[in-house]
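Inspection log for the structure reproduced underneath, given as structure tokens.
By convention in this document, chain letters (A, B, ...) are assigned in the order of the sequence lines, proteins followed by strands, and residues within each chain are numbered from 1.
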Amino acid sequence: MANNAVTNFHANSRLHFIGSWRARYDVFLDAKLAQKQHDSATNRTRDVASTSRATPRTIFHVDMDCFFASVAMRARPELSTETPLAVSWGTSASKRGEVSSANYAARAFGVKAGMWLDEALRLCPELVLAPYDFAEYEKVALEVYEILFEASRGECVGISCDEAFIDVTSRCESEDAVAVAEQIRRDVYAKTKCACSIGIGSNMLLARLATRRAKPDGAFRVEPKDEREFIAKTRLADLPGFGRHAGEKLQKSTKIRVTDTCETLLKVPVATLKSALGAQKTEKLLEAARGIDKTPWCVRPQRKSIGAQMSWGVRCASNEVAMDYVKQLVREVAYRMQRLKIRGRALNLKLWRAIPDVNTMRDYQGHGACDVLTRTKAMRELSNDTELIISEALTILRELNVEATSIRGLGVSITKLEHGAETATSPGAKQPTLSQMFAKRTAEKATHEEETCVLAASDEELAETESEGDDDVADTQSQLTQNDCDFTLFNSQAEIDSDRERSIRDAFEAAARAYAWQRFELGRLKLSKRRRDTLSEDEYARRACARAADVIATQARRSYAQDGETGLNALLNDARALCRSQELLHETYSSQGAAFIAAWLDRVDSVGKTIVIGSSSL
DNA sequence: ATCCTCCCCTAC
DNA sequence: TAAGGTAGGGGAGGAT
């Protein structure tokens with residue numbers, strides 16, 4: 001049971017969404033930069049990835065105001081802006097969980113992000129709670145990025161789903177910076193119904209600090225003549241990179257508090273700071289305290305590591321279970337590497353080991369008090385091959401020699417990466433067929449079908465023929481519930497044990513829907529012309545889904561008959577890959593389709609993991 | 001000297 | 001106590 005919680009959490013967690021933002025954004029960036037190269041044939045080529053800025057620039061720091069809460073608000077048009085609302089995993093009944101984001105009405109009651117829900121409800125009993133909606137955050141974020149790219153002609157550095165820097169130096173030679181910022185803010189609001197704030201400064205640091213003054217829903221510029229004064233009065237806690245531990249160390253050795261200003265810090269002997277914080281950190285801190293920021297401007301930084309970890313609900317009854325967790329993590333990482341065409345040379349295993357006798361039984365699912373161990377190993381070869389990485393990872397796990405029952409979390413990450421390399425060709429790598437599948441979007445002509453992916457039924461298989469008559473309509477209709485299709489993938493109980501049937505059916509249902517939507521939206525999934533004319537678009541899409549599910553069910557049965565469990569797992573991997581590939585298709589899809597597919601992706605993802613982990617820990 | 005490993009710290 | 005993921009940078013100290 002605990003494993004279900006793990007996998008569901010993993011796919012639905014706010015931290016996972018935030019942490020994996022870069023990967024989603026990269027897909028968008030690639031499309032953007034490719035388009036830009038195309039533009040440069042007609043326009044003048046511009047330096048997209050310039051690495052440093054010596055001269056003063058005009059930098060905007062664009063930050064969405066209480067992003068998750070704003071997105072939640074637009075889904076609830078009946079609420080006035082005066083209604084306090086918070087996004088949280090918990091409900092007002094359970095009062096468990098933390099506030100992830102609170103709108104400004106809620107903040108007026110003292111409700112803040114990070115606060116426990118029971119406290120938030122005590123401060124503000126009428127607080128409206130909204131669930132996470134990751135698909136929607138992604139959609140809004142990319143809409144905002146679209147605007148920022150436009151406004152800055154591609155000079156946009158994405159920080160997260162709700163935050164970015166843009167360089168508008170050249171544009172602000174002829175236009176007033178604040179006016180430009182206000183225009184961007186209006187554009188963002190018009191497109192997304194979400195407010196953002198913009199800080200303006202001569203470098204990224206000053207722009208970021210300016211945003212603090214701009215919020216909420218405003219713009220603020222640090223004028224060049226005011227920079228000295230501005231930074232001098234800035235609190236140390238506001239400087240980026242200056243966290244809790246740095247604050248404590250500083251206070252211990254210098255009596256300076258994080259609430260003191262940069263001005264104060266500069267009076268401290270440099271040697272004192274260095275012994276407390278280290279040379280590099282001191283250097284950076286002192287630069288920041290003078291308003292200097294030498295961070296390179298890089299629109300598309302190269303990824304240096306890629307990994308996945310789990311430290312929630314991890315409980316291992318035996319070594320085999322621990323090995324299964326590791327295998328599952330490696331599959332996730334290898335899959336991402338294959339999709340991104342990245343290979344690596346070094347493997348890092350991270351393991352949370354419970355500290356004996358410390359709060360041991362108090363945990364429900366959390367990792368509790370732990371030592372965190374990490375081990376690095378050079379891999380036999382530059383690779384992104386699932387099996388190779390699994391064997392290397394299991395070697396490390398064995399060498400760490402940790403009692404399985406004390407393991408509270410595991411992580412796998414790959415470093416020393418090489419980009420753009422060819423993908424592993426070993427048997428495990430079925431996914432490339434999917435990249436082939438979706439590479440076609442950008443391909444000049446829509447030649448289809450070297451698709452060997454199990455789920456990728458040919459269009460012919462999916463297409464209904466004109467000759468199918470009204471009987472078929474009735475047939476299909478009988479399979480439809482009021483709002484949805486009925487996806488029966490496994491008809492016989494004997495085909496698969498009933499415990500797992502439900503999960504697998506769920507996964508394939510989601511996969512089938514995603515698949516059908518892709519085809520539908522690409523205009524390649526066709527019902528008969530007559531039917532298309534008589535059905536509403538919604539109804540048409542539903543039938544198309546039902547049709548696709550049917551074909552996939554047949555394939556699933558065939559695959560199970562042929563390869564048993566192995567065949568099913570391969571199918572599940574494909575299902576996950578298929579749904580994930582929606583990330584590649586944002587530009588092609590309608591927003592409705594993209595949102596649907598994103599939701600199904602989550603389901604396939606979690607069901608897929610549940611099955612693999614669950615089956616091996618039975 | 002320089003690199004590497006195993007941490008620690010930070011941001012979002 | 002509590003949905004504790006992903007990624008980057010740096011330091012100490014050992015290996016080369």
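- The nucleotide whose nearest atom lies closest to any side-chain atom of Ser311(A) is, among dG4(C), dT10(B), dG10(C), dG4(C).
- Side-chain proximity of Asp162(A) to the nucleotides dG8(C), dG4(C), dC12(B) is greatest for dC12(B).
- The CG atom of Leu417(A) sits 8 Å away from the P atom of dG8(C) (whole-angstrom rounding).
- End-to-end axis angle of the helix from dA1(B)-dT16(C) to dC12(B)-dG5(C), using five pairs per end and rounding to 10°, comes to 10°.
- Out of dG9(C), dG4(C), dC9(B), the shortest distance to the side chain of Lys304(A) is found at dG9(C).
- Nearest to the side chain of His245(A), among dC7(B), dT5(B), dT10(B), sits dT10(B).
- Looking only at atom types and distance, the side chain of Asp385(A) has no donor-acceptor partner in the side chain of Ser383(A) under 3.5 Å away.
- Within the 3.5 Å criterion, the main-chain N or O of Val188(A) finds a donor-acceptor partner in the side chain of Thr192(A).
- Nearest to the side chain of Ala308(A), among dA7(C), dT6(C), dC6(B), sits dT6(C).
- Distances shorter than 4.0 Å separate none of the side-chain N or O atoms of His367(A) from OP1 or OP2 on dG4(C).
- OP1 or OP2 of dC6(B) has not a single side-chain nitrogen or oxygen of Lys350(A) nearer than 4.0 Å.
- Comparing dC12(B), dC4(B), dG5(C) by their nearest atom to the side chain of Gln309(A) picks out dG5(C).
- Looking only at atom types and distance, the side chain of Asp65(A) has a donor-acceptor partner in the side chain of Ser197(A) under 3.5 Å away.
- Using modelled atom types, one side-chain atom of Ser88(A) and one backbone atom of Glu98(A) make a donor-acceptor pair closer than 3.5 Å.
- Atom CZ in Arg408(A) sits roughly 12 Å away from atom P in dA2(C) (whole-Å rounding).
- Here the closest non-hydrogen pair linking Ser92(A) and Leu129(A) is N-CD1, 3.3 Å.
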Tabulate below the donor-acceptor pairs under 3.5 Å that side-chain atoms of residues 248-258 of chain A make, not counting sequence neighbours, or state none.
unit_1	atom_1	unit_2	atom_2	d
Ser253(A)	OG	Lys249(A)	O	3.2
Thr254(A)	OG1	Leu250(A)	O	2.6
Thr254(A)	OG1	Ile256(A)	N	3.2

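- The nearest whole Å value for the distance from the NZ atom in Lys377(A) to the P atom in dC4(B) is 16 Å.
- Whole-Å rounding puts the Leu121(A) CG to dA2(C) C1' distance at 14 Å.
- A sub-4.0 Å separation between OP1 or OP2 of dC4(B) and a side-chain N or O of Thr376(A) is absent.
- Here the side chain of Arg14(A) is nearest to one of dA7(C), dG4(C), dT6(C), namely dG4(C).
- Distance Leu351(A) CG to dC6(B) P: 13 Å, rounded to the nearest Å.
- Checking dT10(B), dA2(C), dT6(C) against every side-chain atom of Ser20(A), the shortest atom distance belongs to dT6(C).
- A close approach under 4.0 Å does occur between a side-chain nitrogen or oxygen of Arg336(A) and OP1 or OP2 of dT6(C).
- Closest non-hydrogen pair, Asp217(A) versus Ala195(A), comes out as OD1-CB, 3.7 Å.
- Nucleotide dT5(B) holds its C1' atom 9 Å from the CG atom of Asn348(A), rounded to whole Å.
- Checking each of Leu410(A), Ile407(A), Val412(A), Leu397(A) against Tyr325(A) for a side chain to side chain contact (heavy atoms under 4.5 Å, CB included) leaves exactly one that passes, namely Leu410(A).
- The side-chain tip of Arg107(A) points at the ring of Tyr104(A) from less than 6.0 angstrom away and within 45° of straight on.
- The phosphate of dC7(B) (OP1 or OP2) has a side-chain N or O of Arg375(A) nearer than 4.0 angstrom.
- Using a 4.0 Å heavy-atom distance criterion, Gly307(A) is classed as a sugar-phosphate-only contact.
- Taking for each of Trp352(A) and Gln280(A) the nucleotide of DNA chain C with the nearest heavy atom, the 5'-most of the two is the partner of Trp352(A).
- At dG8(C), one or more side-chain N or O atoms of Ser305(A) fall inside 4.0 Å of OP1 or OP2 (strictly under the cut-off).
- Counting to the nearest Å, the C1' atom of dA2(C) and the CD atom of Glu119(A) are 13 Å from each other.
- Near-neighbour residues of DNA chain C inside residues 204-212 of chain A, defined by a heavy atom below 4.0 Å, are absent.
- In this structure, the side chain of His419(A) engages the main chain of Arg303(A) through a donor-acceptor pair within 3.5 Å.
- Between the side chains of Glu155(A) and Trp297(A), at least one donor N or O sits under 3.5 Å from an acceptor N or O.
- Across the protein-nucleic acid pair, Tyr132(A) atom OH and dG5(C) atom P stand 13 Å apart, rounded to whole Å.
- Where Thr282(A) and Ile18(A) each meet DNA chain C at their nearest nucleotide, the meeting point lying more 5' is that of Ile18(A).
- Residue Leu117(A) is out of contact with every strand shown, counting any heavy-atom pair closer than 4.0 Å.
- Checking the phosphate oxygens (OP1, OP2) of dT6(C), a side-chain nitrogen or oxygen of His16(A) falls inside 4.0 Å.
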